[in-house]
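To start, the structure under review is shown below, and the notes come after it.
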Amino acid sequence: MENNSKVIVALDYADATSALKLVDQLEPSLCKLKVGKELFTATGPQLVEKLIAKDFKIFLDLKFHDIPNTVAKACEAASNLGVWMLNVHASGGSTMLQAALEGVSKTSHKPYLVAVTVLTSMNQTGLHEIGIEASVDDQVLRLAKLAQLAGLHGVVCSALEAQLLKQRLKNDFLLVTPGIRPFNVNQDDQSRVVTPSQALQMGASYLVIGRPITQAANPIKALEAICAECSNISLT
Ligand code: C5P
């Protein structure tokens with residue numbers, strides 16, 4: 001069965017055993033999987049390769065942010081693993097973004113390359129703290145335009161900014177949205193949150209969801225409920 005799912009499950013686990021305990025109950029048609037800094041640092045590329053061998057599409061969420069040459073090489077190495085999507089920080093600037101794209105383009109397998117705009121755990125106060133006076137919306141739009149101009153495939157943003165970005169950017173520009181919380185679920189450390197169906201209605205291309213699934217009493221039921229909620233909405 002083809003994997004058209006818009007749900008990306010964030011495998012935020014400390015080790016391979018815990019991650020595989022969940023993965024072994026999942027079908028690749030139900031969701032895509034995200035391997036982030038915690039799991040990748042603990043397990044290395046071997047786990048990514050194992051998940052790909054199980055036919056899962058993998059978003060390698062390492063959010064590279066470094067000098068252009070280093071980011072280009074890291075992106076090339078990540079692409080060589082066969083991942084479906086990978087990311088960098090848009091705030092690394094246009095030279096770094098173009099270098100990242102060149103790194104990805106060196107491999108025959110060309111994953112989606114997306115740029116993180118403003119982390120969904122950040123709010124206006126957090127931006128001010130690091131010297132950015134722009135509003136969250138303006139900063140997200142500025143970084144998303146930079147990413148589009150550099151030729152990237154999309155951005156990571158909150159669904160709260162998806163409508164604005166849909167209006168102002170190319171229609172096929174991917175909007176990958178973390179900070180998703182089903183109704184009545186703990187917000188944790190996320191600041192800018194919306195429900196799965198709201199996110200899709202606002203224009204999100206993919207939903208990144210971690211703790212509402214991984215910390216649920218029954219993760220599979222939680223995932224299935226989210227997928228059902230997503231398939232029930234009509235997109236305009
Ligand atoms: O558990 P929760 O659903 O909050 O997990 C969100 C996931 O999305 C985490 O793995 C986090 O690293 C990632 N993420 C994020 N905000 C971004 C980019 C990625 O929360 N801007």
Side-chain angles (χ1 to χ4, degrees), residues 5-15 18-19 22-23 31-43 47-48 51 58-65 78 83-92 100 112-124 126-127 130 132 136-137 139-144 146-147 152-162 165 174-200 202 204-217 219 222-223 225-227 229-230:
S5 177
K6 293 181 180 304
V7 177
I8 304 174
V9 177
L11 292 178
D12 291 330
Y13 290 105
D15 54 65
S18 316
L22 175 68
V23 172
C31 60
K32 297 170 174 62
L33 300 175
K34 182 173 85 69
V35 175
K37 288 179 168 136
E38 181 187 11
L39 190 59
F40 190 81
T41 305
T43 65
L47 182 71
V48 173
L51 298 173
I58 304 300
F59 172 16
L60 188 60
D61 178 21
L62 298 181
K63 299 187 183 72
F64 296 129
H65 189 176
V83 300
W84 162 75
M85 178 180 277
L86 63 107
N87 61 0
V88 295
H89 269 286
S91 50
Y112 286 128
L113 178 64
V114 296
V116 177
T117 53
V118 176
L119 292 169
T120 45
S121 54
M122 292 279 267
N123 55 20
Q124 197 66 63
L127 278 187
I130 56 167
I132 295 166
V136 172
D137 274 7
Q139 183 67 5
V140 170
L141 183 60
R142 170 191 287 266
L143 292 172
L146 202 67
L152 271 69
H153 304 104
V155 285
V156 182
C157 61
S158 159
L160 294 172
E161 293 107 33
L165 298 186
L174 298 176
L175 304 180
V176 180
T177 61
I180 305 292
R181 288 294 177 270
F183 185 64
N184 258 346
V185 167
N186 190 335
Q187 193 168 322
D188 302 306
D189 56 353
Q190 297 284 12
S191 284
R192 301 175 2 257
V193 298
V194 300
T195 68
S197 49
Q198 279 171 336
L200 292 176
M202 289 163 144
S205 316
Y206 294 105
L207 315 179
V208 174
I209 312 180
R211 287 161 290 183
I213 294 169
T214 57
Q215 308 288 309
L223 172 59
I226 289 167
C227 291
E229 178 182 333
C230 293

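Atoms within each ligand, like the ligands themselves, are counted from 1 in listed order. Any value given below was found using the heavy atoms of this structure, including those in side chains, with hydrogens, waters and symmetry copies removed. Heads up: numbering here begins at 1 and tracks the sequence. Fair warning: this is a prediction, and the values are worked out from it, not measured in the lab.
- Of all the heavy atoms in Leu175 and Ala162, the pair that sits closest is CD1-O, 3.7 Å.
- Taking every heavy atom of both residues into account, Ala222 and Ala216 meet most closely at CB-CB, 3.7 Å.
- By the neighbour-count criterion of 12 heavy atoms within 6.0 Å, atom OH of Tyr112 is sparsely surrounded, having that number or fewer from other residues, nucleotides or ligands.
- Salt-bridge annotation for Asp12 and Lys37: absent, with no side-chain N of the basic residue lying under 4.0 Å from a carboxylate O of the acidic one.
- The 4.0 Å heavy-atom shell around ligand 1 contains residues Ala10, Asp12, Lys34, Asp61, Lys63, Val116, Leu119, Thr120, Val156, Pro178, Arg181, Gln190, Val208, Ile209, Gly210, Arg211, Pro212, ordered by chain and number.
- Paired with Phe59 under the rule side-chain contact (heavy atoms from CB on, under 4.5 Å), one option of Leu11, Asn87, Val9 passes, and it is Asn87.
- In this structure, His65 and His89 have tilted ring planes: the angle between them lies in the 30° to 60° band.
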